[in-house]
Every structure is written in structure tokens, then in C-alpha cells.
Amino acid sequence: MKTKINFIREKSNWLRYEIVKMVLPAGQGHIASAMSQVEICTTLFYGGFLKYKKNNPNYKDRDYFMISKGHSAMGAYPILSDIGYFKKKELEKFGKPNGILRIYGDKSIPGVECSTGSLSQAPGIAAGICYHNKLKKKNNKCYVIISDGENYEGSIWETAMFASNYNLDNLIIIIDRNKQIILGKTENLMKLEPLGKKWASFGWDVQNVNGHSIKDLQSCFKKVNKKNGKPKLIIANTIKGKGISFMEDVTRWHNSFPNTYEAKQALKEVENET
């Protein structure tokens, strides 16, 4: 019998393959950014932490899942298809006029809770939902994946202050901390560190985790599920382009698309892991 960790690891390998297979025919898409968040997504959806109902994206008792870095929201499309939110045939029409799947996260897509792309947009929306759920005494949580670059935005700190003031312990923000933005390494451009201490100073419960370790992510998600009156922040330390050797930790792949040779190599690498 497969352990839960092995099952999630297999799903992570499957997701990387599905992302590359989906994106390559479209000729556009942010592969490297989607790769760094893979284990975060699979652990949430397949590890029993995110509450949802298959085939029903509007299930009223669901937890809300948002990828605020809209360019990598596409990384969740194979999962949303896998749990029955739309037909798998749609993955073949990614980024095409006759399909429903946009390059950036769009609310028109079943399972995408809000349109994203403008940095730090989703956290404020999630905070509003969590505040409403608190007032209505609902148990629904919001899980929001954000990028390094969103920590440069003033609105993220407005959300941090709001969520702490109203004790939104039903809000969990996960930083995909691959330490890069489109222009290069964060610490060489405008330093974010000490990032955890900054969030803690706003009254958040902060956890640090290896964002590619399923075991560590499981342990972390168990911790943040406990109500303690504080909103939760997880700094998930990741590698941009994880799983594709020539993309790993290389800045240019934030906004570059592989040529024919590179595309074949990328597909071969992720296919060998499935």
C-alpha cells in the first residue's frame, strides 16, 4: 500500500509533466514559476488539507485556494481538471481562443476564485473573505500562494495589518520563496530579508519550510490549521524551475519560453519522473 507521502510525490511528478505537456503547444506560459509551487499545490489538494468537493467548484463549505502570482496560476489547471472541475480536454486547449484556460488566472475558469496577475491582488480578496467567514462563524479557510515580488507591494502590508487586527486565523498565506523576480535575485535587487521577522512584527504566526519536502509541508500545514487568533504565513523555500535541470534557479526562465530543442529536453526530463 502506498504511503500518503509517496502518493503526493507521484502526483507532484505527474503535475510537472502535465504542466509542460499543456504549455508547450501554446507557445507561451511561465513554466519555471509554476514548477516551484508544485509540491505546495499537491500537498494541499491531495494531502487532505484543502477542503473541497470533486466535480463541484462552488461547494459552499469549501476552502478557498488562490494563486496570487497570476502568471503561475496555470500550474493548478491540471489539478482542477483532475478533481472534475472541467474536462481534461481543456488542457489541450490551454491559451487558445476555443478553450477556457487562460495564460493568467481568471475567475471565468472553474476553481479559480479570483482573477490574478496584478501583484498582491489575491491576499486582500482572501482577507475580505476570511473576515466575512469570521463574522458568519463559518469554518472555511483561505490558502493563498504569493510570490517573492508581491512582498515589494504596499498592499500586501495593508492586508497583513488588516488580517492581524481582525485575528484572521483562517487566512494562510504561502510565499513561494524561490528568491527571484523577473529582474533577478531578490537579495541583489531590493532585499526582503529578514522576511519572516517582518511578517511576525505585523502579528502573524510565521513558519519556515522546505517547499519541496512533502513531509515538511504536511507537518507545517498541520500546525497552521490550529486556531490561535493569528493569521498564518508559511515561507516555503523553493527552487524556480524545479524539476527541469536547465531552468533551475536561472532568472531568464521567469519570462522565457523554450526553443524546440529545450522543449524536448524539458518534456523528457519531467516524463522520466512520472
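These numbers come from the heavy atoms of this one structure, side chains and all, not from hydrogens, waters or symmetry mates. Residue numbers count from 1 along this sequence.
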Point to revise | Pair R16 + E271, salt bridge at N-O below 4.0 Å | key: no
Practice item. Report yes or no: do K242 and H212 form a side-chain donor-acceptor pair below 3.5 Å? Key: no
Check your understanding: Can we say K134 and D169 salt-bridge, meaning some charged N sits less than 4.0 Å from an Asp/Glu carboxylate O?
Key -> yes
Exercise for review: Quick one: sort the Y85 and Y52 rings into parallel, tilted or perpendicular, breaks at 30° and 60°.
Suggested key: perpendicular
Study note, to complete from the structure: Scanning both residues in full, the closest heavy-atom pair of G211 with A236 reads CA-CB, 3.9 Å
Exercise for review: Can you label the angle between the F221 ring and the F49 ring as parallel, tilted or perpendicular, going by 30° and 60°?
Suggested key: tilted
Review point. Would E90 and K87 pass as an ion pair if we require N to O under 4.0 Å?
Key: no
Revision key, fill the gap. Side chain to side chain contact (heavy atoms under 4.5 Å, CB included) filter on Q121, not counting sequence neighbours, yields S118, I125
List the atom pairs, donor and acceptor, that lie under 3.5 Å between side-chain atoms in residues 146-155 and the rest of the protein, sequence neighbours left out.
from, atom 1, to, atom 2, distance (Å)
S147, OG, E150, N, 3.4
S147, OG, E150, OE2, 3.1
D148, OD1, R177, NH1, 2.8
D148, OD2, N178, N, 3.2
D148, OD2, K179, N, 2.8
D148, OD2, Q180, N, 3.3
E150, OE1, S68, OG, 2.4
E150, OE1, S120, N, 2.8
E150, OE2, S147, N, 2.7
N151, OD1, W199, NE1, 3.0
N151, ND2, S147, O, 3.3
N151, ND2, D148, O, 3.3
Y152, OH, T186, O, 3.4
Y152, OH, M190, O, 2.6
S155, OG, S120, OG, 3.0

Practice item. Measure the spacing between CH2 of W253 and OG of S33 and express it to the nearest 0.5 Å. Key: 12.5 Å
Revision key, fill the gap. For K88, the salt bridge (Lys or Arg N to Asp or Glu O under 4.0 Å) test, sequence neighbours excluded, returns D82
Practice item. Side-chain contact test, heavy atoms from C-beta onward, threshold under 4.5 Å: evaluate it for I173 versus L171 and give yes or no. Key: yes
Check your understanding: Is a side-chain donor-acceptor pair under 3.5 Å present for D216 with S219?
Key -> no
Point to revise | Modelled atom types, side-chain donor and acceptor of N228 and D205, under 3.5 Å | key: yes
Review point. CH2 of W157 to NZ of K198: how many Å apart, nearest 0.5 Å?
Key: 6.5 Å
Review point. Is it true that the NZ or CZ of R62 lies under 6.0 Å from the centre of Y64's six-membered ring and within 45 degrees of the ring axis?
Key: yes
Exercise for review: Could you tell me whether the side chain of M66 reaches within less than 4.5 Å of the side chain of I129, counting heavy atoms only?
Suggested key: yes
Revision key, fill the gap. In terms of heavy-atom contacts, I100 and P110 come closest through CD1-CD, 3.9 Å
Practice item. Apply ring-ring contact (aromatic ring centres under 6.0 Å, His included) to W14 and list each qualifying residue two or more places apart in sequence or on a separate chain. Key: none
Review point. What's the spacing between F246 CZ and R252 CZ if we round to 0.5 Å?
Key: 8.0 Å
Check your understanding: Parallel, tilted or perpendicular: which describes the rings of H30 and H71, with under 30° parallel and over 60° perpendicular?
Key -> perpendicular
Practice item. With rounding to the nearest 0.5 Å, note down the distance linking NZ in K69 to OG1 in T116. Key: 10.5 Å
Check your understanding: CD of E269 to OG of S245: how many Å apart, nearest 0.5 Å?
Key -> 3.5 Å
Exercise for review: Start with the C-alpha distance between D176 and T238, add both sets of side-chain angles, then the distance that settles side-chain hydrogen bond (donor to acceptor under 3.5 Å, both in side chains), and finish with yes or no.
Suggested key: CA-CA 6 Å; D176 181 2; T238 62; 2.5 Å; yes
Review point. Are the aromatic rings of Y131 and Y166 close, with centres under 6.0 Å apart?
Key: yes
Practice item. Could you tell me which residues satisfy side chain to side chain contact (heavy atoms under 4.5 Å, CB included) with K136, sequence neighbours excluded, listed by chain and number? Key: H132, K138
**Study point:** Set of side chain to side chain contact (heavy atoms under 4.5 Å, CB included) partners for K107, sequence neighbours left out
**Key:** S115
Revision key, fill the gap. d(N210 CG, L217 CG) to nearest 0.5 Å is 7.5 Å
